[in-house]
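One structure is given below, encoded as structure tokens.
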Amino acid sequence: MSNTTRRGLLKGGVAMTAGLAAGKANAEGPDPLITELQDWASYTGAGVDETPYGMPISYESHVVRRNVEWLTASPISSINFTPIHALDGTITPQGCAFERHHSGAIELRKEDYRLMINGLVDRPLVFTYEDIERFPRENHVYFCECAANTGMEWAGSQLNGVQFTHGMIHNMEYTGVPLRTLLQEAGADLSADKWVYVEGADASSNGRSIPMAKALDDVIVAFKANGEALRMEHGYPVRLVVPGWEGNMWVKWLRRIEVVDRAVESREETSKYTDVYEDGTARKWTWVMDAKSVITSPSPQMPITHGAGPLVISGLAWSGHGKITRVDVSKDGGITWETARLGRQGDKKALTRFYLDTQWDGKPMLLQARAMDETGYVQPTKEQLRDERGENAVYHNNCIQTWYVSAEGIAENVEVS
Amino acid sequence: MLGVAYGVATNQWTGQKLDVMERQVEQAAAIASEAEAKAQTEAARVAEIEAKAAEIQEQARLALATASGGAVSEPAPAMSAGYGLGRAAHPEEIAAWDVDVLPDGRGLPEGSGNAFDGEEIFAEKCGSCHGDFAEGVDNWPVLAGGFDTLADEDPVKTVGSYWPYLSTAYDYIYRSMPFGEAGTLTPDETYAIVAYILYSNDLIDDEFELTHENLAEFNMYNAEGFVVDDRDALEYSQWRREPCMENCKDEVQVTMRSVFLVETPPEGGSNSVMNHARDQALPSFTADGPSFIPAAAAQPEQEASAEPEAQVADAGADLLKDGQKAFKKCQACHKIGDGAKNGTGPHLNALFGRTIGGVDGFKYSNAFKSAAEEGRVWDDESLAAFLTKPKDYIKGTKMAFGGFKKDEEIAAVIAYLREAGQ
């Protein structure tokens with residue numbers, strides 16, 4: 001057993017014991033936290049302006065993005081993971097929303113920002129950042145999921161934490177201009193057989209081709225997220241938002257929009273983000289992220305520390321095809337299912353929070369969640385996906401996830417029959 | 001919307017010019033009528049759900065009514081005449097930024113290059129990551145070889161074996177490479193690098209002159225290897241149906257556990273007990289619940305004494321005990337001892353002196369097959385190297401385990417393998 005594992009064990013043991021002890025102490029006698037005068041109830045606290053831009057309190061410093069070093073060759077062309085195990089509701093704070101860069105995150109000032117529209121347009125145009133803010137804008141909440149989210153789990157349960165198995169996702173409220181507005185401004189050929197090729201200002205440029213129908217539907221040229229400017233790592237000052245479609249198409253530091261008469265077949269849409277099947281053929285243009293859900297608590301990073309009794313099972317569900325209409329939860333590995341409560345009826349192509357408020361009998365569980373969307377699509381099992389696609393597809397793994405929860409409340413990533 | 005997108009993709013779309021707003025209205029109407037039809041057929045189910053959570057759903061519907069279907073604001077007004085914002089792009093600006101290349105070769109600048117010249121440029125500008133022979137260094141992409149591996153368990157996707165268009169290689173290299181110096185290559189250098197990559201894939205000889213005139217005509221090995229997204233026909237058709245709610249299976253068993261891999265970063269959060277490797281068996285589940293309840297985890301201090309000590313010989317008992325403990329990371333897949341059979345991994349009896357990849361009846365990866373062909377043999381040295389970094393020692397192994405972190409563990413597990421596998 002490695003030191004790492006031993007540390008995990010010790011830490012876990014301590015956490016569990018402390019949780020139980022605290023509960024007992026409360027029950028046995030008056031709680032000194034209540035009966036004794038506490039410092040914070042007597043002394044004064046921090047003044048205004050102590051932190052002009054506030055960060056989470058130090059006690060929450062573990063709620064951060066994390067990287068899996070062995071996944072990629074360099075952090076400059078890599079990905080990290082949103083701590084979805086520790087979040088609730090649906091909106092992802094920008095500061096802990098996952099990052100994926102192909103040539104690193106760049107610092108691009110608004111003053112230096114230019115956006116070009118060219119190709120099959122009447123008027124090739126260049127916009128400044130200020131120009132973008134003068135078009136009528138809209139606000140929408142959308143999830144952004146990397147096509148590779150859960151990709152490491154194709155061949156078997158591998159990473160022991162929901163942050164790592166499902167954390168290539170975030171959900172923000174975007175403010176921006178519909179792409180169709182800019183296309184119309186340039187007098188673009190809007191025929192359905194045309195494509196919109198988009199690329200970024202960073203060294204990778206990360207070009208992708210989007211069919212015109214999608215470009216005219218709900219794509220946004222966004223400059224704000226959750227009410228404030230985009231973060232550098234998410235494409236400041238301007239990124240593309242392509243609702244329901246794989247995150248790689250959400251080009252950051254958007255610098256050019258070209259109307260073309262066919263897909264460019266760029267590196268990111270041929271050699272990457274294509275799915276190889278068992279017979280060696282590959283699917284391309286697999287843009288939509290199918291319906292998916294996962295239980296975020298309990299999960300390996302969120303053990304049950306309170307013992308038997310009332311338990312909130314909580315998780316997230318989403319679909320690139322529209323709204324989540326229902327989420328079912330199983331405690332026995334898929335033999336019996338109960339319909340969970342949706343925290344709020346979700347928006348189209350946005351995260352939906354679900355809860356199953358239950359009584360835990362203290363016995364081991366095999367927890368699963370299963371999402372349904374407004375098209376009637378039911379999230380498949382890993383077995384169903386493998387039967388269709390084999391184990392080499394890498395991308396678009398939206399299988400039902402299983403957590404084994406022991407009698408002590410410790411959760412583990414497992415695969416079941 | 002999706003139907004439209006797929007229509008474009010499969011060329012079923014008629015290509016007529018559309019009025020944007022009218023199309024959106026049509027789509028909205030289509031979605032509405034679809035939803036209505038679905039609501040009727042599933043009325044019973046809806047009633048059931050609503051009975052369960054009537055109050056909550058009522059609240060949700062009220063919230064929905066004020067949320068206007070996902071848009072936090074009303075749609076932006078359309079203005080066909082335009083806003084007169086932005087300025088005309090200069091031809092020099094378009095030339096500077098519009099450098100993408102289409103599969104038919106449109107966008108290629110004039111120029112040429114061959115693999116003979118490309119070899120030197122590649123070594124200087126690309127080799128540190130991709131290797132002098134385009135074989136890839138560490139986790140950086142392999143650019144050559146991998147032909148006929150796409151149907152294997154671990155396909156090797158290179159420019160030669162996988163990329164459908166050569167235009168993509170030119171486009172990407174010219175625009176986005178070298179890593180850390182993007183946009184500095186001349187067209188002639190780019191043609192030469194692309195030619196060298198083709199040469200590394202044995203697709204051309206080193207005198208072949210690649211130019212803007214012949215690049216798009218180059219027929220790539222995997223040009224016909226792609227199908228346009230057909231999930232609609234193959235998957236949605238079978239997965240859009242009412243799911244099972246009760247007695248969906250007789251029994252459920254755990255078939256794989258991630259804790260044996262110890263590949264997850266350890267710092268997961270304040271309460272985290274990730275990588276908490278427990279070797280005890282897990283229960284199976286039926287509609288009556290778990291088949292048994294495993295005993296609570298032993299305290300770390302007590303854990304060593306609680307270990308079963310059978311089969312551990314006298315000499316070097318501590319080492320063997322450590323080895324047996326370390327072997328827990330392996331035992332989910334590998335069996336050892338009397339009557340051990342192949343599982344997810346081959347059995348490990350009589351391992352020392354055995355040909356690498358040499359157990360009869362086990363389906364090895366190609367990497368192991370070629371090791372067997374070379375006649376390589378397991379001994380202390382090869383095992384230690386393999387167990388340090390399996391994926392480095394046998395490139396392409398299917399074994400998911402990432403390697404032991406400490407030399408002491410490796411020494412112990414080797415001692416255990418020798419003893420237990422006799």
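So you know, we letter chains A, B, ... as the sequences are listed, proteins then strands, and number each from 1.
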Closest approach of [X] to [Y] (non-hydrogen atoms, all atoms of both residues):
X: B:V252; Y: A:G333; result: CG2-O, 3.6 Å
X: A:G156; Y: B:M256; result: CA-SD, 3.5 Å
X: B:C248; Y: A:G334; result: CB-O, 3.2 Å
X: A:T286; Y: B:D229; result: CA-OD2, 3.5 Å
X: A:V414; Y: B:L282; result: CG1-CD1, 4.5 Å
X: A:Y197; Y: B:R175; result: OH-NH2, 2.9 Å

[atom1]/[X] to [atom2]/[Y] distance, rounded to the nearest 0.5 angstrom?
X: A:T128; Y: B:L85; atom1: OG1; atom2: CG; answer: 8.5 Å
X: B:F226; Y: A:E269; atom1: CZ; atom2: CD; answer: 11.0 Å
X: A:S330; Y: B:F285; atom1: OG; atom2: CZ; answer: 9.5 Å
X: B:N247; Y: A:T336; atom1: CG; atom2: OG1; answer: 6.5 Å
X: B:Y172; Y: A:N206; atom1: OH; atom2: CG; answer: 9.0 Å
X: A:D261; Y: B:L102; atom1: CG; atom2: CG; answer: 7.0 Å

[Y] side chain reached by [X] side chain, heavy atoms, under 4.5 Å:
X: A:S74; Y: B:W140; answer: yes
X: B:S167; Y: A:E265; answer: no
X: A:L366; Y: B:V254; answer: yes
X: A:H396; Y: B:R231; answer: yes
X: B:P103; Y: A:R262; answer: yes
X: B:I94; Y: A:P124; answer: yes
X: A:S271; Y: B:K157; answer: no
X: A:W70; Y: B:K391; answer: no

Counting heavy-atom pairs under 4.5 Å to chain A, which of [options] comes out on top?
options: B:P290, B:G107, B:P141; answer: B:P290
options: B:M177, B:E224, B:R106; answer: B:R106
options: B:T286, B:D138, B:V159; answer: B:T286
options: B:G180, B:C129, B:P243; answer: B:P243
options: B:C244, B:P164, B:A182, B:G183; answer: B:C244

Taking [X] for its side chain and [Y] for its backbone only, find out whether a donor-acceptor pair lies under 3.5 Å.
X: B:E246; Y: A:W337; answer: no
X: A:N413; Y: B:S258; answer: no
X: B:R257; Y: A:Q158; answer: no
X: B:D171; Y: A:S266; answer: no

Name the member of [options] that forms the most heavy-atom pairs with chain B at distances under 4.5 Å.
options: A:E391, A:E153, A:E60, A:R134; answer: A:R134
options: A:Q379, A:E69, A:K363; answer: A:K363
options: A:A263, A:S417, A:A86, A:G390; answer: A:S417
options: A:V416, A:I76, A:I335; answer: A:I335
options: A:T281, A:T274, A:T181; answer: A:T274
options: A:A350, A:P364, A:G119, A:A155; answer: A:P364

Pair A:R326 + B:E242, salt bridge at N-O below 4.0 Å: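 Between B:E242 and A:R326 there is a salt bridge, with a charged N closer than 4.0 Å to a carboxylate O.
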Other residues, nucleotides, ligands: >12 heavy atoms within 6.0 Å of B:D250 CG: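 It does not: B:D250 CG has 12 such atoms or fewer within range.
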B:R87 CZ: over 12 foreign heavy atoms closer than 6.0 Å: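 Yes, because the 6.0 Å sphere around CZ of B:R87 holds more than 12 heavy atoms from other groups.
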Evaluation steps, side-chain contact (heavy atoms from CB on, under 4.5 Å), between B:R241 and A:V378: CA-CA 7 Å; B:R241 58 181 56 176; A:V378 180; 5.6 Å; no
Heavy-atom contact with chain B under 4.5 Å, split by part of [X]:
X: A:R114; answer: both
X: A:D361; answer: neither
X: A:R389; answer: side chain
X: A:L71; answer: backbone
X: A:Y377; answer: both

B:D98/A:R256 under salt bridge (Lys or Arg N to Asp or Glu O under 4.0 Å): CA gap, chis, key distance, verdict: CA-CA 8 Å; B:D98 184 355; A:R256 197 167 71 88; 3.4 Å; yes
Working for side chain to side chain donor-acceptor pair (under 3.5 Å), residues B:Y83 and A:D131: CA-CA 10 Å; B:Y83 296 88; A:D131 291 334; over 6 Å; no
Partners passing side-chain contact (heavy atoms from CB on, under 4.5 Å) against B:V227 (at least two apart in sequence or in another chain):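 With sequence neighbours excluded, B:V227 shows a side-chain contact (heavy atoms from CB on, under 4.5 Å) to A:R283, B:D230, given in chain and number order.
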Results of side-chain contact (heavy atoms from CB on, under 4.5 Å) for A:S103 - residues two or more places apart only: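 If we apply the side-chain contact (heavy atoms from CB on, under 4.5 Å) test to A:S103, skipping adjacent residues, the hits are A:D202, A:A203, A:S204, B:F179.
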Portion of B:W97 that has a non-hydrogen atom of chain A nearer than 4.5 angstrom: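 Its backbone and side chain both get close to chain A.
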Engaged part of B:V101 at the chain A interface, taking heavy atoms whose separation is under 4.5 Å: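 Only the backbone of B:V101 comes within 4.5 Å of chain A.
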Salt bridge (Lys or Arg N to Asp or Glu O under 4.0 Å) between B:K249 and A:D332, intermediate numbers included: CA-CA 10 Å; B:K249 304 174 194 173; A:D332 55 16; over 6 Å; no
Worked verdict on A:E388 versus B:Q238 for side chain to side chain donor-acceptor pair (under 3.5 Å): CA-CA 11 Å; A:E388 282 298 323; B:Q238 51 173 325; 2.6 Å; yes
